[in-house]
Amino acid sequence: EKMLIGCEVKYDILVEGHIQALTLIPNNDKSIFLAPYTIFNVYLPSGNNSTTNALRASMLQKLQDYNPPANPKHIFAAGDWNLTEFRSDSSSKDHFASSAAARQALRRALDAHGLKEVYQPAHTCIRAGNQKTSSRIDRIYISHSLPEKCLMSPEATLPFHPYLPGEGKTKGPTEHYPVSLHFHPPNLSKG
């Protein structure tokens with residue numbers, strides 16, 4: 001709610017239930033930011049059949065083609081991407097939805113908005129069952145320039161939770177850990 005203070009909000013649904021865009025445009029001196037910024041909330045479908053692959057490619061194309069209002073200075077994109085970028089992002093041979101074509105479509109969408117990952121190495125999705133698997137499919141990307149990253153030092157982390165994902169309704173999160181983004185001035189101690 002603090003982010004909305006002093007801002008006009010533009011909301012667009014790129015793909016219903018899968019990709020939303022929120023652009024905040026400061027309109028007075030009470031806003032935390034001085035320039036407009038856009039946040040993408042992304043949930044790509046999982047699965048590796050021709051229908052799902054085509055749907056995922058179509059969604060990434062809509063993300064790539066989207067032109068945020070108000071020419072935002074910064075763009076953030078976060079969510080469950082349901083595909084990996086590197087083979088090390090999965091404990092199995094490879095995350096089942098991560099074909100070369102899907103990775104290329106993701107890269108094109110990210111490049112279109114100047115997005116780079118705020119890397120955190122932990123696997124965020126833990127699947128229980130006979131064969132436990134894990135993957136790093138929940139990620140955050142930002143469009144900040146290298147000098148801006150030096151001035152405000154972004155960090156993605158997994159908030160502490162006493163239980164592994166998927167251990168039951170009352171014990172833990174779903175099978176995904178949440179990922180949070182923080183900015184720290186490099187000359188100040190964290191926290």
Side-chain angles (χ1 to χ4, degrees), residues 11-23 38-66 68 74-143 154-161 163-169 171-182:
Y11 177 69
D12 289 311
I13 297 173
L14 281 67
V15 181
E16 190 171 345
H18 291 276
I19 304 176
Q20 296 82 38
L22 189 69
T23 299
T38 296
I39 303 168
F40 290 116
N41 179 15
V42 178
Y43 169 66
L44 295 180
S46 62
N48 196 16
N49 59 49
S50 59
T51 303
T52 305
N53 288 333
L55 181 60
R56 188 181 305 108
S58 170
M59 290 177 178
L60 287 169
Q61 186 65 51
K62 288 187 183 211
L63 178 59
Q64 178 181 334
D65 293 343
Y66 180 72
H74 295 111
I75 297 177
F76 303 82
D80 179 356
W81 299 87
N82 260 318
L83 57 93
T84 60
E85 289 194 82
F86 310 101
R87 292 204 182 272
S88 62
D89 289 342
S90 180
S91 65
S92 59
K93 178 181 174 190
D94 198 10
H95 186 70
F96 63 95
S98 303
S99 66
R103 287 181 175 119
Q104 289 169 356
L106 173 63
R107 180 55 37 212
R108 286 191 301 272
L110 296 173
D111 288 348
H113 297 288
L115 294 166
K116 302 286 185 215
E117 183 181 2
V118 180
Y119 183 77
Q120 69 77 30
H123 284 200
T124 57
C125 178
I126 314 286
R127 295 197 197 296
N130 294 340
Q131 295 182 341
K132 286 192 177 187
T133 61
S134 64
S135 54
R136 199 177 71 81
I137 56 176
D138 305 281
R139 295 184 300 277
I140 298 174
Y141 299 89
I142 62 175
S143 67
E155 179 182 42
T157 59
L158 303 185
F160 171 76
H161 200 285
Y163 299 99
L164 286 174
E167 286 191 352
K169 288 183 192 178
K171 286 188 176 179
T174 65
E175 62 188 19
H176 295 261
Y177 277 115
V179 181
S180 65
L181 174 66
H182 304 275

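All values reported here derive from a predicted model rather than from experimental measurement.
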- Item | Distance-minimising heavy-atom pair for Leu60 and Ala102 | CD1-O, 4.0 Å
- Flag side-chain contact, heavy atom, 4.5 Å: Ile137 against His176: yes
- Query: Going through the checks in order, is the side chain to side chain contact (heavy atoms under 4.5 Å, CB included) test met by Asn41 and Leu22?
  - Reply: CA-CA 8 Å; Asn41 179 15; Leu22 189 69; over 6 Å; no
- How long is the span from the CG atom in Leu63 to the CG atom in Leu110, to the nearest 0.5 Å? 7.0 Å
- Message: Can you give me the closest heavy-atom contact between Ala109 and Gln64, atom names plus distance?
- Response: CA-CB, 3.8 Å
- Message: Working to the nearest 0.5 angstrom, can you tell me the gap between Ser134 OG and Asp89 CG?
- Response: 10.0 Å
- Query: Side-chain donor-acceptor pair under 3.5 Å between Ser91 and Thr133, yes or no?
  - Reply: no
- What are the two closest heavy atoms between Ala122 and Leu158, and how far apart are they? CB-CD1, 3.5 Å
- Message: Whether the side chain of Arg136 engages the backbone of Gln120 through a donor-acceptor N/O pair (distance < 3.5 Å, no angle test) should be reported.
- Response: yes
- Task: Find the distance between NZ (Lys62) and CE (Met59) and round it off to the nearest 0.5 Å.
- Result: 8.5 Å
- Message: Main chain of Asn82, side chain of Asp80: is a donor-acceptor contact present, judged purely on distance under 3.5 Å?
- Response: yes
- Inter-residue atom distance Arg108.CZ - Asp65.CG, 0.5 Å rounding: 10.5 Å
- Message: Evaluate Arg103 against Thr84 for side-chain hydrogen bond (donor to acceptor under 3.5 Å, both in side chains), listing each step before the verdict.
- Response: CA-CA 7 Å; Arg103 287 181 175 119; Thr84 60; 2.9 Å; yes
- Query: So how far is it from Ile75 CD1 to Tyr66 OH, rounded to the nearest 0.5 Å?
  - Reply: 9.0 Å
- Task: Heavy atoms only: give me the nearest His18-Pro45 pair and the separation to one decimal.
- Result: ND1-CD, 4.1 Å
- Message: Using a 3.5 Å distance criterion without hydrogens, assess whether the side chain of Arg56 forms a donor-acceptor pair with backbone atoms of Gly47.
- Response: yes
- Query: For the atom pair OH (Tyr43) and CG (Asp138), what is the distance rounded to the nearest 0.5 Å?
  - Reply: 10.5 Å
- Run the numbers on Thr157 and Ser180 for side-chain hydrogen bond (donor to acceptor under 3.5 Å, both in side chains), then give the verdict. CA-CA 5 Å; Thr157 59; Ser180 65; 3.1 Å; yes
- Message: Measuring only between side-chain heavy atoms, which start at C-beta, is Trp81 closer than 4.5 Å to Val42?
- Response: yes
- Can any side-chain N or O of Arg139 pair as donor or acceptor with the backbone N or O of Tyr119 at less than 3.5 Å? no
- Item | Within the 6.0 Å centroid threshold, strictly below: His113 and Phe40 | yes
